[in-house]
Amino acid sequence: MPHHHLPPVVVQTGLDQAWRDAEEADSHDPLAPRRDRFALADGLVYLDGNSLGALQPSVATRIQQLVTDEWGAGLIRSWNDAGWVDLPGRVARQIAPLIGAEAQEVAVTDSTSTNLFKAIGAAWMLQRDHLGGGERRVLLTDDANFPTDVYVARSLAALVGGLEVRVVPPDELMAALDTDVAVVAVTEIDFRTGRRHDAPALTAAAHAAGALMVWDLAHSAGVLDVDLHAWDADLAVGCSYKYLSGGPGAPAFLYAAARWHRQLANPVAGWFGHAAPFAFDLAYTPADDAARFTNGTPPVLSMAALETAMDAFAGLEAAQLQDKATDLTSRFIALVDAAGTELEVVTPRDPARRGAQVSLRHQDAYALTQALIDRSVIGDHRPPDLVRLGFAPLYVRHVDVVHAVAHLVSLLRSGDWDQPRFHARQTVT
Ligand SMILES: *Cc1c(COP(=O)(O)O)cnc(C)c1O
């Protein structure tokens, strides 16, 4: 049967059968219709939803209408009439089921970095003020963590005084849990390699050692079967411009387990976290749920973009997202292995031990990434030597996986990746 619709690069690299298998998988994929919500150019393979999720045209329409009608015409009245004041709560209801939480345990606010400061700070104050853990002076994290997470922990330690940030390799976290540890704060998915922590086991170990557990779900929410209740997590934070597709700089989220609500204090308390902001009372009475972790006026434009973007997840279970992500990453790894190139898959091969990304080691990963982008296969580079590709289950197809591998193989066989223009460094990699 002629396959005139096969991209030429697929034929050139002999991946015809792999393409047909992928088409078959796409035809049975229950998430396939969700891709139609997104605006992805023909021929574009977008494997960077882990850095910036793709746009849905419905979001552009919503923002246009909000600016023109609600801000332009409605003005201040829109806080009530257009429901702006309830936006963070509505988005919390959308995010909660994807992370195994109740809506009142989720605050949608600020950046992930700021939420980390509040979450780790609140956990530390909970230890000191309510759990008798004031003698515990260590914040424990791992050296594969995202740098902002470590910066935040260190700035908190500098502010509090007498706290130590203990940074150990990921597989030494358990051994580093002693009676000095007040809070463990790590990221579930290693942003470089895609390695996944055993969250239930680490949370249980932290609790057994008397520590509180804070999870960073930046590369987990919207793509993995996150279940904060089942893990028994104390606090968590996450990002909404990555797999949740909320748009560049979209507000992040903070989870606080209901069992701690009354005892948790926001270290950056502000009027929007007050039980009655418009009472303008100088005495601070926090909201009785996770809303106490908001502080200032919500960013209505980006919050509304996120709300509309989250419609793409309506009715989906986190397990479905993870199943599709696993299928995509497994297909990708198998094809890279079969191609026999010099690329090394650094992401764990056990699907239970990885996120929705695959990272490939290459001695000149920056140039190879640029060459891929030049061929409309968009991933990113993480130094020193990784090509990082994310497989967002809502809009990446199985045929996209084959297309990406075909371009990788073609670039490496031809040496086309090694052109001077692909070596020129830009600011955002
Ligand atoms: C992306 C990411 C962040 C981003 O934090 P921002 O404050 O939103 O810039 C934080 N932590 C991890 C682990 C991330 O991957």
Side-chain angles (χ1 to χ4, degrees), residues 47-54 88 91 95 98-99 106-121 123 139-156 165 167 170 173 183-197 199 202 213-224 226 228 233 235-255 267-268 293-296 298-299 302-303 305-306 309 325 347 354-359 379-383 386 388-392 427-429:
L47 303 181
D48 218 352
N50 49 319
S51 274
L52 179 67
V91 180
I95 293 176
L98 297 178
I99 57 173
V106 179
V108 182
T109 178
D110 296 324
S111 66
T112 304
S113 302
T114 304
N115 285 338
L116 271 164
F117 184 89
K118 293 184 289 181
I120 300 172
L139 308 177
L140 177 63
T141 189
D142 68 59
D143 63 11
N145 207 346
F146 193 74
T148 206
D149 298 50
V150 179
Y151 305 157
V152 163
R154 287 187 180 141
S155 58
L156 181 74
V165 179
V167 186
L173 281 168
V183 181
V184 185
V186 293
T187 301
E188 189 192 13
I189 303 298
D190 181 332
F191 76 103
R192 291 188 185 87
T193 65
R195 181 268 305 128
R196 186 177 193 177
H197 270 302
L202 189 54
M213 188 74 223
V214 179
W215 282 103
D216 186 334
L217 305 172
H219 292 273
S220 311
V223 73
L224 295 180
V226 175
L228 292 169
L235 292 122
V237 300
C239 186
S240 68
Y241 54 79
K242 293 172 180 164
Y243 290 117
L244 298 182
S245 283
F253 64 86
L254 184 156
Y255 163 88
V268 193
F293 282 99
T294 57
N295 30 46
S302 47
M303 194 79 78
L306 174 58
T347 303
R354 68 170 182 256
Q357 82 186 53
V358 179
S359 298
D380 58 24
H381 161 66
R382 287 295 173 264
L386 298 180
R388 186 176 72 156
L389 304 169
F391 296 84
T427 309
V428 175
T429 57

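Counting starts at 1 for both ligands and their atoms, following the listed order. Keep in mind that the numbers below use all heavy atoms, side chains included, and drop hydrogens, waters and symmetry copies.
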Task: Atom indices of ligand 1, in the order listed, that fall short of 4.0 Å to a heavy atom of Thr148 - done: 10 (C), 11 (N)

- [ ] First locate atom CZ of Phe191, then atom CG of Asp380, and finally report the distance between them rounded to the nearest 0.5 Å.
- [x] 10.5 Å

Open item on the list: Suppose we measure from atom 3 (C) of ligand 1 to each protein heavy atom; which comes out shortest, and what is that distance?
Closed with: Lys242 NZ, 3.6 Å

Open item on the list: Quick one, Leu98 and Val226 - any side-chain contact, counting heavy atoms below 4.5 Å?
Closed with: no

Task: Euclidean distance, Thr193 OG1 relative to Leu386 CG, rounded to 0.5 Å - done: 8.0 Å

Task: Distance-only polar pair, side chains of Asp149 and Thr187, donor-acceptor under 3.5 Å - done: yes

- [ ] Starting from atom 7 (O) of ligand 1, find the nearest protein heavy-atom neighbour and note its residue, name and distance.
- [x] Ser113 OG, 2.6 Å

Task: N/O donor-acceptor pair under 3.5 Å between Ser240 side chain and Pro251 backbone - done: yes

TODO: Could you tell me whether some N/O pair between His219 and ligand 1 is separated by less than 3.5 angstrom?
DONE: yes

Open item on the list: Any side-chain to backbone donor/acceptor pair from Ser359 onto Arg192? Under 3.5 Å, distance only.
Closed with: yes

- [ ] Run the numbers on Ile189 and Arg354 for side-chain contact (heavy atoms from CB on, under 4.5 Å), then give the verdict.
- [x] CA-CA 7 Å; Ile189 303 298; Arg354 68 170 182 256; over 6 Å; no

Task: Atoms of ligand 1 close to Ser111 [distance to a heavy atom under 4.0 angstrom, numbered from 1] - done: 7 (O)

- [ ] Give the atoms of ligand 1, by number and element, whose distance to some non-hydrogen atom of Asp216 is under 4.0 Å.
- [x] 10 (C), 11 (N), 12 (C), 13 (C)

Task: Check: Asn115 side chain, Thr109 main-chain N or O, donor-acceptor pair, under 3.5 Å - done: yes

- [ ] With heavy atoms of Ala218 as the reference, note each atom of ligand 1 found under 4.0 Å away.
- [x] 2 (C), 12 (C), 13 (C), 14 (C), 15 (O)

TODO: Determine whether the side chain, the backbone, both or neither of Phe191 has a heavy atom under 4.0 Å from any heavy atom of ligand 1.
DONE: neither

TODO: Distance to 0.1 Å, residue and atom name: give those for the protein heavy atom nearest to atom 5 (O) of ligand 1.
DONE: Thr112 CB, 3.4 Å

Open item on the list: I need the atoms of ligand 1 closer than 4.0 Å to a non-hydrogen atom of Thr187, numbered in the order shown.
Closed with: 13 (C)

Open item on the list: Can you report which non-hydrogen protein atom sits closest to atom 8 (O) of ligand 1, along with the distance?
Closed with: Tyr241 OH, 3.0 Å

Task: Atoms of ligand 1 close to Asp149 [distance to a heavy atom under 4.0 angstrom, numbered from 1] - done: 10 (C), 11 (N), 12 (C), 13 (C)

